[in-house]
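Residue numbers begin at 1 in each chain, while the letters A, B, ... track the order of the sequences.
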Number of protein chains: 2
Amino acid sequence: MTDPQGSSGETLLFLTDEQLRQGAEAMFFAYRGFTADPDRILAGLSYGRAHHRALHFIHAAPGTTVNNLLNTLGVTKQSLNRVLRTMVEDGLVESRVGRNDRRERHLHLTEAGDTLERQLSNAQRARMRAAYKQAGPEAVAGFRKVLESMMDPEMRRQYQRLREGRG
Amino acid sequence: MTDPQGSSGETLLFLTDEQLRQGAEAMFFAYRGFTADPDRILAGLSYGRAHHRALHFIHAAPGTTVNNLLNTLGVTKQSLNRVLRTMVEDGLVESRVGRNDRRERHLHLTEAGDTLERQLSNAQRARMRAAYKQAGPEAVAGFRKVLESMMDPEMRRQYQRLREGRG
DNA sequence: CTTGGAATGTCAACAAGGCTGACTTAAACT
DNA sequence: AGTTTAAGTCAGCCTTGTTGACATTCCAAG
């Protein structure tokens, strides 16, 4: 509200309630943009955002178990199971009984699943690529830094584990 | 995928599919953190995230009309109306007939509404404040820049109008 | 070896919150 | 007077979240 450009010093500049409020609104509007393109594609098919998320993380960690995926997505078993079941029925996802522990199901994308995943993430990446390009490399580094600081510790661990698993 | 650390130059460094994929995952996990605290509060009451969003934007633009709010939130009349009706009934929101145009309803928070809004946004801001502090002022500037670039043009206009109305 | 508990996944039923479409009411505009 | 606009409502649908009960499998203690 007052002191928009920091006569009271660098440190406080970004910590006024008004600055934080704007950050929250930016998150809200940006997240809508972030999901808009894949949502548009999915609207045509009989799938939703939940399917996209599952596809994404199965692609990111092939062979992951249902339980793993549950924790990553932060939803309950049934919520995931419904989504998963339709995609198994439709031949996008394969669910293989674990060799060591036969209670587990290991999830993999079929070729069709991989194709849809790529289509969705391509749409999403196109927007991110444009945003990154427009904002510049330094801004992107800051973007990533703040996002990471905003995660719950548990999520941050998941996030970093995924990164490490790919390089 | 290939070229993870940019032998092909600064410009491409942030535009590999892998970098963009990580950005998408960061958005996903961060948004969960972003909504986690208010969601926890709301779980106790009989309200949800939809109520929080309405409260936030009515607080941000007191006297806004239903149509305005509709566009800001990006939902349909019925969807908003359900949420709004319960909050009017519960005495959190007041709906006043327009003076100039008596078809319009101008929305305001009651004292109770303001109290709840503050409680929710305090929780949310606490996390953002911590994240901002940890990431530092430069990172925050980049964060805001990328988020803004990620919005649809229509949303960006809304976002900027809200900022101007206050800052 | 058996048995009881823990882990994993599946199914049934329900709730929140999106959506469309049709319709009403009131007020404003032309 | 007739049209358009803002808001509200009803009915009904879909996705995606929830809890609770259940089946299967593993493992460890007796």
Side-chain angles (χ1 to χ4, degrees), chain A residues 28 31-32 35-36 38-58 63-90 93-108 120, chain B residues 28 31-32 35-36 38-56 58 63-90 93-108:
Chain A
F28 172 70
Y31 199 78
R32 269 175 60 192
T35 57
D39 280 0
R40 236 187 314 276
I41 295 173
L42 289 160
L45 321 171
S46 53
Y47 295 134
R49 201 177 293 175
H51 300 80
H52 180 197
R53 290 197 287 255
L55 285 175
H56 176 106
F57 286 109
I58 295 173
T64 189
T65 65
V66 172
N67 230 346
N68 272 341
L69 199 49
L70 239 49
N71 292 328
T72 303
L73 295 174
V75 297
T76 55
K77 270 189 292 189
Q78 174 51 5
S79 214
L80 175 58
N81 199 257
R82 184 174 26 214
V83 160
L84 227 39
R85 189 174 48 214
T86 69
M87 292 198 297
V88 168
E89 282 167 5
D90 296 354
V93 171
E94 211 181 333
S95 166
R96 304 180 193 156
V97 173
R99 292 176 310 286
N100 297 346
D101 188 333
R102 292 181 36 198
R103 290 172 301 181
E104 295 179 343
R105 299 299 131 89
H106 297 272
L107 303 170
H108 298 265
L120 294 171
Chain B
F28 171 69
Y31 199 78
R32 268 176 61 192
T35 57
D39 280 0
R40 234 186 315 275
I41 295 172
L42 287 160
L45 320 170
S46 52
Y47 294 133
R49 202 178 292 176
H51 300 82
H52 180 198
R53 290 195 288 256
L55 285 175
H56 176 106
I58 296 173
T64 189
T65 64
V66 173
N67 237 338
N68 273 340
L69 198 50
L70 241 47
N71 292 328
T72 303
L73 295 174
V75 297
T76 57
K77 234 189 334 180
Q78 295 79 349
S79 218
L80 176 59
N81 203 259
R82 188 168 24 200
V83 161
L84 223 42
R85 190 172 45 213
T86 69
M87 291 199 297
V88 168
E89 283 167 5
D90 295 354
V93 171
E94 211 181 333
S95 165
R96 303 180 193 156
V97 172
R99 294 174 312 284
N100 298 346
D101 188 335
R102 292 180 36 198
R103 289 172 303 181
E104 295 178 343
R105 299 298 133 86
H106 298 272
L107 303 170
H108 298 265

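Across all non-hydrogen atoms, the minimal contact from A/R102 to A/R99 is CG-O, 4.2 Å. A/L107 approaches A/I58 most closely through the heavy-atom pair O-CG2, 3.8 Å. Among all heavy-atom pairs drawn from B/A54 and B/V83, the shortest one is CB-CG1, 4.4 Å. The nearest pair of heavy atoms linking B/T72 to A/R32 is O-NH1, 2.7 Å. Here the closest heavy-atom approach between residue B/Y47 and residue B/T86 is recorded as CE2-OG1, 4.0 Å.
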Are there any protein N/O atoms within less than 3.5 Å of an N/O atom in nucleotides 12-15 of chain C, and if so, which ones and at what distance?
none

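Close to D/dG17, at under 4.0 Å from its OP1 or OP2, lies a side-chain N or O of A/R53. Neither OP1 nor OP2 of D/dT5 sits under 4.0 Å from any side-chain N or O of B/N67. At the phosphate of D/dA7, neither OP1 nor OP2 sits under 4.0 Å from any side-chain N or O atom of B/N81.
Contact of the B/L45 side chain with the B/H51 side chain is not registered, since no non-hydrogen atoms from C-beta on lie closer than 4.5 Å.
Judged by atom type and distance alone, A/R103 does not reach the base of D/dT24 through any side-chain donor-acceptor pair under 3.5 Å. Evaluation of atom-type donor-acceptor distances gives no pair under 3.5 Å for the side chain of B/R105 against the base of D/dA7.
Using a 4.0 Å heavy-atom criterion, one finds that B/G74 contacts the sugar-phosphate atoms exclusively. Contacts of A/D39 with the nucleic acid, taken as non-hydrogen atoms under 4.0 Å apart, are absent. The residue A/H51 sits close only to the backbone: its heavy atoms come under 4.0 Å of sugar-phosphate atoms, none of a base.
Of all nucleotides listed (C/dA28, C/dG18, D/dG8), C/dG18 comes nearest to the side chain of B/A50.
B/L69 CG to B/R105 CZ: the interatomic distance, rounded to the nearest 0.5 Å, is 15.0 Å. Considering NZ of A/K77 and CG of A/L84, their distance stands at 13.5 Å, rounded to 0.5 Å.
Distance CG (B/N100) to P (C/dC29): 10 Å, rounded to an integer number of Å. Note: CG (B/D101) to P (D/dA6) measures 8 Å, nearest angstrom. A/R102 places its CZ atom 16 Å from the P atom of C/dT8, with the value rounded to the nearest Å. Rounded to whole angstrom, the span from the CE atom of A/M87 across to the P atom of D/dT16 amounts to 10 Å. For the pair B/H106 NE2 and D/dA7 P, the computed distance is 8 Å after rounding to whole Å. Between B/N71 atom CG and D/dT5 atom P the separation is 14 Å, expressed in whole Å. Atom CZ of A/R96 is separated from atom C1' of C/dT8 by 19 Å (rounded to the nearest Å). The CG-P distance, from B/L70 to D/dA7, rounds to 8 Å in whole Å.
Two residues, A/K77 and A/S46, neighbour DNA chain D, and the one matched to the more 5' nucleotide by heavy-atom proximity is A/S46. For the pair A/T76 and B/E104, nearest-nucleotide mapping onto DNA chain D gives the more 5' position to B/E104.
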